[in-house]
Amino acid sequence: MNDGPGTDEPTGSGLAAERARRTAHVEDLRGDGAEPYPYRFDRTHTLNDVRRQWGDVDSGTETDDEVTVAGRILLWRDTGKLIFVTVGDRRGELQLFISKAVIGDEAFVAAKRLDLGDLIGVHGTVMTTRAGELSVRTDRIDLLAKALRPLPDKWKGLTDTDTRFRQRYTDLIVNAEARRTFEIRHEMVASFRRTLAGLDFVEVETPVLHVNAGGALARPFVTHHNTLDMDLHLRIAIELHLKRLIVGGLERVYEIGRVFRNEGTSPRHNPEFSILELYQAYGDHTEMMDITQRLIVTAAQEALGTTQIDISGEGVDLADEWPRRRMIDLVAEATGVEVHPSQPLDVLRELAGRHGVAVQPASSTGKLIEEIFEATAESSIKRPTFVTGHPLDISPLARADRDDPALAERFELFVDAREIANGYSELNDPVEQRTRFEAEQRLRDAGDADRGTIDEDYLRALEFGMPPTGGLGVGIDRLAMLLAGVDTIKEVILFPTLRPEQ
RNA sequence: GCGCCUCUAGCUCAAUGGCAGAGCAGUGGACUCUUAAUCCAUUGGUUCUGGGUUCGAAUCCCAGGGGGCGCACCA
């Protein structure tokens, strides 16, 4: 689109002409000694404040109560010498009653030059129209910022998802649903912080730039530090740094932050996403399940005002019991065949093939069980369910189950067929951890780019002694999707990753 | 990365091989209680881009670009 500043004067309509018209308005104001972009404006009430305080005033009442409000012009109904304007701020909308007789001839003429999209500050008295609409009987209007571009249609809004995500500012102006979604996301994260503060956790910030990105199975982004002249990876998890802090004696730590995984996008994946990771000394995976449930139920209550949510058309109360089911049991139920990582590879390969899993030659028995789980049982999990007892060989940082050395003391929380959280009893035996790292390194060398490397500094930390520890990671974006009731991750990320325009 | 779908005015959408249109927004006019105000008039187009087929292409074909969905990868 050609939307550069026009030097000549477009006539007629269209975007260029519209911008020229509005720019001319700005010039005219400056010519008259007015400031179209003043530095500040002090309002006495938000639009919802006015509603709360005067919402029950009878129809046709004019009060003497003065208010100063601000907002963006969203609708304009001009009946000649009386104009009704709907303005909106971040949480509400309110009508302005602009009467020529009240505001005066000169100001009325100036008001008529305002456009949809302009930001204005208004002084007046609170009234209710004969039709019962709460309004501000306006006696003064200040232009706070001129909008040079026209807004999308107020009622149809934006439908093109590309435009909505690229121009999120426009989406947020016209789409109350979008504003609500991000408000829920904010409340959810704020709730996490309150809950964790109540449990005596401390919030920390650890490096995003890693020499070797570890703590998860994923391919990292590579970047470069110029003066150190070295390649660095963006972190794929926060885990290993937080556990160093457990070694350091911080006992209860968490970080809410961004991690980066060099993978494709989907309705459930964005290359950068947000995660809450927390670690608690002297706890194990069962305690982590309790905390997960508490964090999420509390967040739902505080962000939505209820624990009742809709999961693909089905009403679910998050406050109900969350079942804890072993992965191998769920697979057995779904396939009718008992499975265990100790079984011969051939048996599991055959079962995987029968359920449509594309078997990689390098897949271990544990990996096959996980894939069979994903192919058969995962999609039927709607209500919150802890899937536990993952095969140990796909859980290189988790402790072995105290009753079954082939399984990990690990859980993943699934809701609506999506993984929301992951936690375990943390492996704190440095010798065992080295063996696991070495196995990862071998798989990596064999061509599995998602596998990890040996992190010597982390091993050194463990050698100083890490207390028994429970760890948890919660996918912020996916949980926000669940609470906001949206079905793509781009709806809960303000600026999702997109290819550049043009 | 592969497959399918999609892209028309600032926004929302029509036009299915035969004159590129409507509603909203904009512009001009009327109106002092509107509620997506209403009424009259009216401006506005690189039909994503580049090729091709055809007397004629928004429409059919090819290539490219953006987006969506599915698969793969993954949380």
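A quick note: this is a predicted structure, and the numbers were derived from the prediction, not measured. As a basis for the values below, the full set of heavy atoms in this structure was taken, side chains included, without hydrogen atoms, waters or symmetry mates.
Screening residues 92-109 of chain A for salt bridge (Lys or Arg N to Asp or Glu O under 4.0 Å), with sequence neighbours left out, gives A:E93-A:K154.
Within the 4.0 angstrom heavy-atom criterion, no nucleotide atom of any strand lies near A:A421. Within 4.0 Å (heavy atoms only), A:R137 reaches no atom of the nucleic acid at all. Counting any heavy atom pair closer than 4.0 Å across all strands shown, A:A218 reaches no nucleic acid atom. Within the nucleic acid shown, A:E419 comes within 4.0 Å of sugar-phosphate atoms alone, with no base atom in reach, counting heavy atoms only.
In terms of phosphate contacts, A:R418 brings no side-chain nitrogen or oxygen within less than 4.0 Å of OP1 or OP2 of B:A75. Contact annotation: A:R499 reaches the phosphate of B:G66 (side-chain N/O to OP1 or OP2, under 4.0 Å). The side chain of A:R166 places an N or O atom within less than 4.0 Å of a non-bridging phosphate oxygen (OP1 or OP2) of B:G67.
Rounded to whole Å, the separation between the C1' atoms of B:U8 and B:G45 comes to 8 Å. Separating the C1' atom of B:C55 from that of B:C60 is a span of 16 Å, rounded to the nearest Å. Taking the P atom of each, B:U6 and B:U43 are spaced 33 Å apart, rounded to whole Å. The same atom, P, is picked in B:G3 and in B:A72; the two are 16 Å apart, to the nearest Å. Rounded to whole Å, the C1' atom of B:U32 lies 45 Å from the corresponding atom of B:C19.
Listed by residue number, there are no residues of residues 384-393 of chain A with a heavy-atom contact under 4.0 Å to RNA chain B.
Every residue two or more places apart in sequence or in another chain that forms a side-chain contact (heavy atoms from CB on, under 4.5 Å) with A:L143 is listed here: A:L29, A:P36, A:L114, A:D118, A:I120, A:K146. For A:E412, the salt bridge (charged side-chain N to carboxylate O under 4.0 Å, His left out) partners at least two apart in sequence or on another chain are A:R410. Shown here are the salt bridge (charged side-chain N to carboxylate O under 4.0 Å, His left out) partners of A:E374, two or more places apart in sequence or in another chain: there are none.
In this structure, B:C11 forms a base pair with B:G23, meeting either the Watson-Crick or the G-U wobble geometry with both donor-acceptor distances under 3.5 Å. With a cut-off of 3.5 Å on both Watson-Crick or G-U wobble distances, the partner of B:A63 is given as B:U49. Pairing for B:C33 is absent, judged as Watson-Crick or G-U wobble with the two contacts each under 3.5 Å. Look at B:A57: it lacks any Watson-Crick or wobble partner with both distances under 3.5 angstrom. The pairing partner recorded for B:C73 is none, the criterion being a Watson-Crick or G-U wobble arrangement whose two distances lie under 3.5 angstrom.
Of the candidates B:C11, B:A75, B:C31, B:C11 carries the atom nearest the A:P152 side chain, counting heavy atoms from C-beta on. Considering only the side chain of A:S266, B:A72 comes nearest among B:A72, B:G10, B:A37. With distances taken from any side-chain atom of A:L158 to the nucleotides B:A36, B:C11, B:U34, the minimum falls on B:C11. Taking the side chain of A:P267 as heavy atoms from C-beta on, and the options B:G10, B:C69, B:C13, the nearest nucleotide is B:C69. The nucleotide whose nearest atom lies closest to any side-chain atom of A:P150 is, among B:G67, B:G10, B:U34, B:G10. Of the listed nucleotides (B:U32, B:C13, B:A36), B:C13 has the atom at the smallest distance from the side chain of A:T159. The side chain of A:R268 lies closest to B:G70 when the candidates are B:U34, B:U32, B:G70.
The base of B:U34 lies close enough to the side chain of A:Q95 for a donor and an acceptor atom to sit less than 3.5 Å apart.
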Polar-atom pairs under 3.5 Å, protein N or O versus N or O of nucleotides 22-24 of chain B: list them with distances, or write none.
{"from": "B:C24", "atom 1": "O2'", "to": "A:D153", "atom 2": "OD2", "distance (Å)": "3.0"}

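The CD-C1' distance, from A:E18 to B:A25, rounds to 7 Å in whole Å. At whole-Å resolution of the value, CG in A:D160 and P in B:U47 are 18 Å apart. As a whole-Å value, the separation of A:I173 CD1 from B:G10 C1' is 13 Å.
Residue-nucleotide stacking is present for A:F273 and B:A75, judged by a side-chain ring centre under 5.5 Å from the six-membered base ring centre and planes under 30° apart.
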